[in-house]
Amino acid sequence: MKVTMSKKTVRTAGVVMGLALLAPGLAMAGSGGTEFTEVYDLLSGWAKGTLGKIIALAIFIVGLAAGIVRQSVVAAVAGIAGAMIMNYGPSVIENIVTAVI
């Protein structure tokens, strides 16, 4: 099978690759942004606190009800997955962002 690409596609791929090579020097994840700390703490507190538990429980109940109505386990599994993401998501995101290689 022969794959052909136009000159424009090759040029675009070259530009993207060139930018990707420069990107590690521009990476600043986890540094700076102190002006957003209050917003992060507020949202993280909501997600990890009572509000997050209420939302996770609501997602689970809706998924369970949808599973009963459809007579399928798939909707219930989606509800459980959504509840788990709501409950554990903020901690996972924080660990990923603050990880040191």
I'd like a table of donor-acceptor pairs (distance under 3.5 Å, sequence neighbours excluded) in which one partner is a side-chain atom from residues 50-78, with atom names and distances.
unit_1	atom_1	unit_2	atom_2	d
Ser72	OG	Val74	N	3.2

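- Applying the side-chain hydrogen bond (donor to acceptor under 3.5 Å, both in side chains) test to pairs two or more places apart or on separate chains, none has a residue in residues 82-92.
- Here salt bridge (charged side-chain N to carboxylate O under 4.0 Å, His left out) pairs that include residues 81-96, with residues two or more places apart or in two chains, are Lys48-Glu94.
- Taking Ile93 as the reference, Val97 meet the side chain to side chain contact (heavy atoms under 4.5 Å, CB included) condition, with sequence neighbours excluded.
- Screening residues 37-46 for salt bridge (charged side-chain N to carboxylate O under 4.0 Å, His left out), with sequence neighbours left out, gives no hits.
- The hydrophobic cluster analysis finds Ile85 isolated: no Ile, Leu, Val, Met, Phe, Trp or Tyr side chain comes under 4.5 Å of it, directly or through other members.
- There is no path of hydrophobic side-chain contacts, each under 4.5 Å, that joins Phe36 to Tyr40.
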